[in-house]
Amino acid sequence: MRLKAERLETPPGGGGFAVPRLSLGLFLVDQDRHRIAVGSDKRRHIPLEAGEGWILPAGAAGICEYDEALSFLRLEIPERLLSDVGFERHADFAPVVGAFDPLLVQLIHQAVATADSTPSLYLETMQLALAAHLAQMLAPPKPGIAGIGDRRLRRALDHIHDNLASHLSLDDLASEAAMSRFHFVRAFTRATGKSPLQYVIHERMELAKLLLKTTRLPVASVAADTGYEDVSRFGRHFRRHTGVTPAAFRAR
């Protein structure tokens with residue numbers, strides 16, 4: 001199955017949606033009153049400008065509403081194309097709603113412009129580039145894991161990255177590694193150069209940076225999505241990590 005890419009014009013309103021495959025939408029006009037709910041009927045008001053949009057995992061369903069006529073580009077990425085670039089867990093990422101980086105915008109426009117073209121090496125290369133860029137954006141490599149040979153520590157690292165928004169305790173991590181707390185801390189610090197706490201904070205801040213740049217979620221939501229119930233504490237950690245506040249980082 002080839003990549004599906006099209007330009008759509010719709011009247012004001014919107015409604016329910018369900019996407020069978022990983023899908024992208026790129027708005028061509030501003031929508032100040034855009035509202036969206038994914039996986040529930042609780043709508044969030046997220047204004048979108050031309051050049052912004054959404055990325056939804058396969059199987060996502062919800063509601064999208066807007067008060068002005070909408071012109072947008074829509075892509076559906078076949079599973080085979082995602083598998084070709086090694087993006088195996090392409091149904092697991094959190095939906096993205098907000099700003100896109102310039103390269104992604106360019107690749108989306110190219111995909112729509114060539115949607116009806118005869119298959120060619122150029123077309124296949126362009127589509128692979130789009131899939132690879134999505135994989136890098138939505139599931140970036142887990143730092144430090146590839147170079148660690150101890151499977152026990154790799155289990156603990158996987159647990160950290162799969163549960164960054166949850167409460168992580170030293171007991172849980174040591175249990176994942178099947179080590180005592182004392183031996184786990186020593187082995188983890190030796191392997192990664194950071195204590196478990198330092199590592200968790202670092203990875204949460206890296207995820208926060210990604211969310212701030214690729215979505216328009218409020219800072220409080222970014223804090224919650226990276227494991228912080230206290231927004232002030234999140235702000236202190238973020239400033240210590242980046243040298244600027246979350247709002248200033250987003251405005252760069």
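We use all heavy atoms of the structure for the numbers below, so side chains are in, but hydrogens, waters and symmetry mates are not.
Between the CG atom of Leu3 and the CG atom of Leu75 there is a distance of 5.0 Å, given to the nearest 0.5 Å. Atom CG of residue Leu164 and atom CD1 of residue Ile201 lie 11.5 Å apart, to the nearest 0.5 angstrom. Annotation: the span from Phe100 atom CZ to Gln106 atom CD amounts to 15.0 Å, rounded to 0.5 Å. Rounded to the nearest 0.5 Å, atoms CD (Glu6) and CG (Leu73) are 9.5 Å apart. Separating the CZ atom in Phe184 from the CZ atom in Arg152 is a distance of 10.5 Å, to the nearest 0.5 Å. To the nearest 0.5 angstrom, His241 atom NE2 is 13.0 Å from Arg204 atom CZ.
By the 4.5 Å heavy-atom criterion applied to side chains, Ser195 and Thr189 are counted as neighbours. Here the side chains of Gln127 and Ile77 are not in contact, with every heavy-atom distance at 4.5 Å or above. Proximity of Leu207 to Glu203: side-chain heavy atoms (C-beta onward) are nowhere separated by under 4.5 Å. At a threshold of 4.5 Å between non-hydrogen side-chain atoms, the residues Leu130 and His133 do not count as touching. At least one side-chain heavy atom of Phe238 sits less than 4.5 Å from a side-chain heavy atom of Lys209. Considering only heavy atoms from C-beta on, Trp54 stays 4.5 Å or farther from Val38 through its side chain. Inter-residue side-chain proximity for Glu52 and Arg216 is flagged as met; some heavy-atom pair is nearer than 4.5 Å.
A donor-acceptor contact shorter than 3.5 Å links the side chain of Asp101 to the backbone of Leu103. Judged by distance alone, the side chain of Asp172 and the main-chain N or O of Leu168 form no donor-acceptor pair under 3.5 Å. Side-chain N or O atoms of Arg44 include none that pairs as donor or acceptor with a backbone N or O of Lys42 at under 3.5 Å. Side-chain atoms of Arg155 come within 3.5 Å of backbone N or O of Glu176 as a donor-acceptor pair. Remark: the backbone N or O of Ser166 is not paired with any side-chain donor or acceptor of Asn163 at under 3.5 angstrom. In this structure a side-chain-to-backbone donor-acceptor pair under 3.5 Å is missing from His34 to Tyr66. At distances below 3.5 Å, at least one donor-acceptor pair connects side-chain atoms of Gln31 with backbone N or O atoms of Glu68. Of the possible polar contacts, none joining the Arg7 side chain to the Ser71 backbone as a donor-acceptor pair under 3.5 Å is found. Remark: the backbone N or O of Ala223 is paired with a side-chain donor or acceptor of Thr226 at under 3.5 angstrom.
In plain terms, the two heavy atoms of Pro57 and Val19 that are nearest each other are O-CG2, 3.4 Å. Shortest non-hydrogen contact noted between Lys194 and Thr192 is O-OG1, 2.9 Å. The heavy-atom pair separating Ala5 from Ala111 by the smallest distance is CB-O, 3.6 Å. Ala58 and Pro20 get closest at one heavy-atom pair: CB-O, 3.5 Å. When all heavy atoms of Ala156 and Ala177 are compared, the pair lying nearest together is CB-CB, 4.3 Å. When all heavy atoms are compared, the tightest approach of Met126 to Thr114 is CE-OG1, 3.3 Å.
More than 12 heavy atoms of other residues, nucleotides or ligands shown are found within 6.0 angstrom of CD on Glu9. Surrounding CD of Glu79 are at most 12 heavy atoms belonging to other residues, nucleotides or ligands under 6.0 Å away. More than 12 heavy atoms of other residues, nucleotides or ligands shown are found within 6.0 angstrom of CG on Asp230.
Note on Leu56 and Leu210: separate hydrophobic clusters, where clusters join Ile, Leu, Val, Met, Phe, Trp and Tyr whose side-chain heavy atoms are under 4.5 Å apart, directly or indirectly. In the hydrophobic cluster analysis, where Ile, Leu, Val, Met, Phe, Trp and Tyr join through side-chain heavy atoms closer than 4.5 angstrom, Leu24 is grouped apart from Phe17. At a threshold of 4.5 Å between side-chain heavy atoms, the hydrophobic network of Ile, Leu, Val, Met, Phe, Trp and Tyr places Leu104 and Phe93 in one connected group. Linking ILVMFWY residues whenever their side-chain heavy atoms come closer than 4.5 Å, directly or via other members, places Leu28 and Val96 in the same cluster. Leu22 and Phe72 fall into different hydrophobic clusters, defined by Ile, Leu, Val, Met, Phe, Trp and Tyr side-chain heavy atoms under 4.5 Å apart, directly or through other members.
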Open item on the list: Using side-chain contact (heavy atoms from CB on, under 4.5 Å), reason through Leu26 and Val112 one step at a time and then give a plain yes or no.
Closed with: CA-CA 11 Å; Leu26 178 70; Val112 174; over 6 Å; no
- [ ] Take Leu173 and Phe188 through the test side-chain contact (heavy atoms from CB on, under 4.5 Å) and record every step on the way to the result.
- [x] CA-CA 10 Å; Leu173 296 179; Phe188 188 98; 5.9 Å; no
TODO: Kindly indicate, with the supporting measurements, whether the criterion side-chain contact (heavy atoms from CB on, under 4.5 Å) is fulfilled by Leu153 and Met179.
DONE: CA-CA 9 Å; Leu153 292 179; Met179 295 180 180; 4.2 Å; yes
- [ ] Evaluate the side-chain contact (heavy atoms from CB on, under 4.5 Å) criterion for residues Val97 and Leu48: first the C-alpha distance (whole Å), next the side-chain angles of each, then the deciding distance (0.1 Å), finally the verdict.
- [x] CA-CA 8 Å; Val97 182; Leu48 292 178; 4.3 Å; yes
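Ring geometry for Tyr228 versus His237: interplanar angle over 60°, hence perpendicular rather than tilted (30 to 60°).
Side-chain contact of Ser23 with Arg74: a donor-acceptor pair under 3.5 Å is absent, judged by distance alone.
Within the structure, side-chain hydrogen bond (donor to acceptor under 3.5 Å, both in side chains) pairs that include any residue of residues 242-252 do not occur (at least two apart or interchain).
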